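This structure is a prediction, so every number in the text was calculated from the model and none was measured. Letters go in sequence order (proteins before strands), and every chain restarts at 1.
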Amino acid sequence: MSSLSAPDFCLHHTLSAGQTFCWQFAPDTGFWQGYILQNPCRIRQQDSSLHFEGSVTKNQIRDYFSLHPAWTARLKQLPDDPHLNKARLHVHGLRCVREDWFECVCNFICSSLKQIPQIQSINRELRQRYGQALPHGGWSFPGPQALARLTETDLRQCRMGYRARHLLTTARQIDTGAFDWHQIARLNTDEASLHLQQLRGVGPKVASCILLYAAARYDAFPVDVWVQKLMHELYFPKRRQAPSLKQIDKISRLHFGPLRGIAQLFLFHWYRTSYPR
DNA sequence: TGGCAGGGGTTGA
DNA sequence: TCAACCCCTGCC
């Protein structure tokens, strides 16, 4: 068992915030079991220390959980907003993960009209059916090439329903080179979002999630029904109708600035788990 | 036990 | 703008 210091970090908030779907919590041992860059590992937090075992390195853990001083510095740049301040207090230690990009694409294509446990189940099925057994246990997440070889019927066995067609087309778009992930680095976030939306099953919401959780684009602002609800309730309580997606996009830029994605992360997780109703 | 509504979007008409 | 898309869960 190895350890590393992780002050101002909460493993539990970070892994239950709907950013990543390859982790499972074992309440009896207090360990989270999952994968970092195809490395199976078990991690437990005790105060400000992380104890872990598996084939993962300390630096991989630091990169995955954004355990860098830059993160703390970034938080200081968030606006002084009463709701956001409350959210930051309630879900203190929540950080943005840095997920593998292809796994992130697949997770969020499968996330439409699905709840977290179902997305986790699809991730497990994809690994066990179409990944490879890893030397230290567990299964790799299949790459685009492996998925592109499959049929829609194969993918439907992972209980993803109509999303199978989307996932298969996307895997083939990537495998044939019709879509190039590395383009993202050369584009600003709005352009990168449009680039991602060339992939089948990727709309504005899924594209923003991919940019935020796999490309560390902290100005990406995913708007789902929860964010729409919280923006309405917290920021426009007098309006009868919920603000439109376009209005929320505009307001979030003005109100939260270039780190609006981090603001979204805190508000979303707080609203879903601790917001008093 | 079974029927029904609804859910963390996207597509295509 | 809106129905259709699958499957799972919670509720009655």
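A donor-acceptor pair under 3.5 Å links the side-chain atoms of A:Gln38 to the main chain of A:Phe141, judged by distance alone.
Within the 4.0 angstrom heavy-atom criterion, no nucleotide atom of any strand lies near A:Val227.
A single hydrophobic cluster is not seen to contain both A:Leu37 and A:Leu134; linkage of ILVMFWY side chains at heavy-atom distances under 4.5 Å, directly or through other members, places them apart.
Nucleotide C:dC8: paired with B:dG6 (Watson-Crick or G-U wobble, both distances less than 3.5 Å).
A:Lys114 has its NZ atom 6 Å from the P atom of C:dC8, to the nearest Å. Atom CZ in A:Arg200 sits about 13 Å away from atom P in C:dC5, given to the nearest Å. Between the CZ atom of A:Arg272 and the P atom of B:dG7 there is a distance of 14 Å, given to the nearest Å. The CD-C1' distance, from A:Glu152 to C:dC5, rounds to 11 Å in whole Å. Taking atom CD1 of residue A:Ile119 and atom C1' of nucleotide C:dC7, one finds them 13 Å apart after rounding to whole Å. Regarding A:Gln115, its CD atom lies at a distance of 14 Å from the P atom of B:dG6, rounded to whole Å. A:Leu196 has its CG atom 15 Å from the C1' atom of B:dG9, to the nearest Å. Atom CD1 in A:Ile122 sits about 13 Å away from atom P in B:dG9, given to the nearest Å.
A salt bridge between A:Arg260 and A:Asp249 is present, with a side-chain N of the basic residue lying under 4.0 Å from a carboxylate O of the acidic one.
Classified by interplanar angle (parallel below 30°, tilted 30° to 60°, perpendicular above 60°), the ring pair A:Trp226/A:Tyr271 is perpendicular.
Applying the 4.0 Å criterion to OP1 and OP2 of C:dC6, one finds that A:Arg163 has every side-chain N and O outside that range.
Taking atom P on both B:dA5 and C:dA3, the two are 15 Å apart, rounded to the nearest angstrom.
Taking every side-chain heavy atom of A:Arg159 into account, C:dC8 is the closest of C:dC6, B:dT11, C:dC8. Across C:dC8, B:dT10, C:dC6, the shortest atom-to-atom separation from the side chain of A:Gln118 is found for C:dC8.
A:Pro258 has its side chain out of reach of A:Tyr218: every pair of non-hydrogen atoms, C-beta onward, lies at least 4.5 Å apart.
Comparing A:Gly201 and A:Gln264 by the nucleotide of DNA chain B whose heavy atom lies nearest to each, the residue mapping closer to the 5' end is A:Gln264.
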